[in-house]
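What follows is one structure encoded as structure tokens, with my remarks underneath.
Heavy atoms only: backbone and side chains are in, while hydrogens, waters and symmetry mates are out. Source: prediction; values computed, not measured. Every chain is numbered from 1 and lettered A, B, ... according to where its sequence line falls, protein lines coming before strand lines.
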Amino acid sequence: MKVSDDLDRRFRERAASEGSLDVAYDLVDSPIGALLVAVTERGLCRIGFDAEHEHDLDPLARLFGAKVLRAPKAVDEPRRELNEYFEGTRTAFDVPVDVRFDAFRLRVMDELARVPYGEVTTYGALAARAGNPRAARAVGTFMNRNPIPIVLPCHRVVGANGSLTGYGGGLERKERLLQLEGASLTLLG
Amino acid sequence: MMEAVATIPPFERFYVEHRDRVFGFLVRRVGRDRADDAFQETFLRALKSYESLAHAGNLRAWVFTIAARVAVDDFRKRRPTAAEHESVVEDSRPAYAELEHLAGGLPPKERAAVVLRYGYDLEYSDIAVALGSSEEAARQATSSGIRRLRRKGVTL
């Protein structure tokens, strides 16, 4: 016997509001495709581009605990901010984030968060600002494994020659985000 | 010694896999009108103890045991007098909580079968659904669990 959509929705809401979840998530529509958006009690912990959002659930469970449930209401705040970002009315995010990094990666991600809307930097420059100019390659890896792209704007990091280089969500998405922000790659030269 | 056991799946996957069967079972146990509340209660309780699960074996039987307990609680809440009466009549039988404890050492399938049959009076057809097996297999699991318990001196 099928559970009605209404009952299903009420259960999910209750589970999230009683604070018994490790991770609540939902899919959020965007111009660059549906995004999996996940939060813990501490903040935003994952934005995923994978069309098969199922793929994101096991890593989330390993990292934060097995009580992972789709609960749309719980991600209302990041959803609203992302919508505003894609409408072009928001240039910085205010949602708290829950990311767990070691010291150097944390410094890199802090510096990344400071790269302004509509501007780009390079892997090497970011590494230098984080205190290790020779760590450009490590920085590239951090960008590739960024758990919350868009909000932590790894799309604003490009190669030394101004090429887009790579993006966890695919180069097309990176280009799209930079276009949306009106970033000019020629400034780099 | 640690054994290689299947890790517990993300709750979402567990919930989606079992929600319809559990709901159908609760409709049969508590009636359509009360099934919605019992359903929420069942999965909220499952959520609360989800991480203390040692392994992912028999998750279906596990959630059915919770649903059966929710149905009993619902029945007691609704008819306190009938429940008292029932407990007098069944005085010689271990209460379901005690039974769950006594059956704790049985293999998971037999344990679930015994608890669901003797703790919650489920029909073999429902036990079969809970175990994901045939009715005949449910009967066999129950009686082999009972034999094992009797050998340990537990009478049911």
Side-chain angles (χ1 to χ4, degrees), chain A residues 1-28 34-42 45-48 50-75 79 98 147, chain B residues 5-60 62-64 66-67 70-71 74 123 125-126 128-130:
Chain A
M1 188 177 259
K2 248 185 94 53
V3 171
S4 69
D5 290 347
D6 179 57
L7 174 58
D8 182 67
R9 182 185 52 74
R10 279 185 288 140
F11 165 68
R12 291 173 186 279
E13 261 178 39
R14 227 175 120 188
S17 71
E18 290 190 2
S20 32
L21 297 179
D22 295 316
V23 177
Y25 74 92
D26 195 21
L27 297 186
V28 171
L35 306 171
L36 174 127
V37 177
V39 297
T40 66
E41 281 215 309
R42 283 155 48 170
C45 67
R46 176 88 185 120
I47 291 180
D50 201 320
E52 286 289 325
H53 78 268
E54 264 279 312
H55 295 167
D56 272 314
L57 302 188
D58 288 298
L60 283 171
R62 271 197 300 276
L63 215 53
F64 299 101
K67 294 185 285 182
V68 177
L69 187 70
R70 187 169 182 172
K73 248 191 137 86
V75 304
R79 188 202 322 274
D98 182 2
Chain B
V5 284
T7 46
I8 304 164
F11 193 84
E12 172 73 20
R13 206 173 290 147
F14 156 79
Y15 167 71
V16 168
E17 189 179 337
H18 300 296
R19 63 183 166 189
D20 291 342
R21 267 189 217 102
V22 167
F23 184 67
F25 167 72
L26 285 167
V27 168
R28 293 196 293 281
R29 294 296 277 187
V30 303
R32 182 64 196 83
D33 287 351
R34 303 177 71 88
D36 277 19
D37 283 348
F39 175 83
Q40 291 199 47
E41 182 61 26
T42 298
F43 278 100
L44 286 172
R45 284 192 201 178
L47 194 55
K48 289 212 172 77
S49 43
Y50 197 62
E51 253 163 346
S52 57
L53 277 171
H55 59 82
N58 288 86
L59 286 179
R60 196 205 279 207
W62 176 70
V63 72
F64 265 79
I66 297 173
V70 167
D74 176 80
E123 302 291 336
S125 55
D126 273 330
V129 175

Heavy atoms, side chains only, cut-off 4.5 Å: are [X] and [Y] in contact?
X: Arg13(B); Y: Leu57(A); answer: yes
X: Arg28(B); Y: Met1(A); answer: no
X: Pro10(B); Y: Leu60(A); answer: no
X: Arg10(A); Y: Asp36(B); answer: yes
X: Leu7(A); Y: Arg19(B); answer: no

**Request:** Could you look at Phe39(B) and say if it's the side chain, the backbone, both or neither that has a heavy atom under 4.5 Å from chain A?
**Result:** side chain
**Prompt:** Between Phe11(B) and Phe11(A), what is the ring plane arrangement, given parallel below 30°, perpendicular above 60°, and tilted in between?
**Reply:**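 Rings of Phe11(B) and Phe11(A): tilted, 30 to 60°.
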**Request:** For each of Val27(B), Val16(B), Leu47(B), tally heavy-atom pairs with chain A at distances under 4.5 Å, and name the one with the top tally.
**Result:**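 Winner by heavy-atom pair count: Leu47(B).
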**Message:** Just so I understand: if I count every heavy-atom pair under 4.5 Å between each of Phe23(B), Phe25(B), Phe14(B), Tyr15(B) and chain A, which residue has the most?
**Reply:**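 Most heavy-atom pairs under 4.5 Å with chain A: Tyr15(B).
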**Item:** Among Gly65(A), Ser4(A), Ala66(A), Ala71(A), residue most engaged with chain B (heavy-atom pairs, under 4.5 Å)
**Value:** Ala66(A)
**Basic-acidic side-chain contact under 4.0 Å: Glu12(B), Arg12(A)** = yes
**Prompt:** How many angstroms lie between CD in Glu51(B) and OG in Ser20(A), if you round to the nearest 0.5 Å?
**Reply:**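 Between atom CD of Glu51(B) and atom OG of Ser20(A) there are 10.5 Å.
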[atom1] of [X]: more than 12 outside heavy atoms within 6.0 angstrom?
X: Glu18(A); atom1: CD; result: yes
X: Lys73(A); atom1: NZ; result: no
X: Asp6(A); atom1: CG; result: yes

**Request:** Would you please say whether a donor-acceptor pair under 3.5 Å links the side chains of Tyr50(B) and Asp22(A)?
**Result:** no
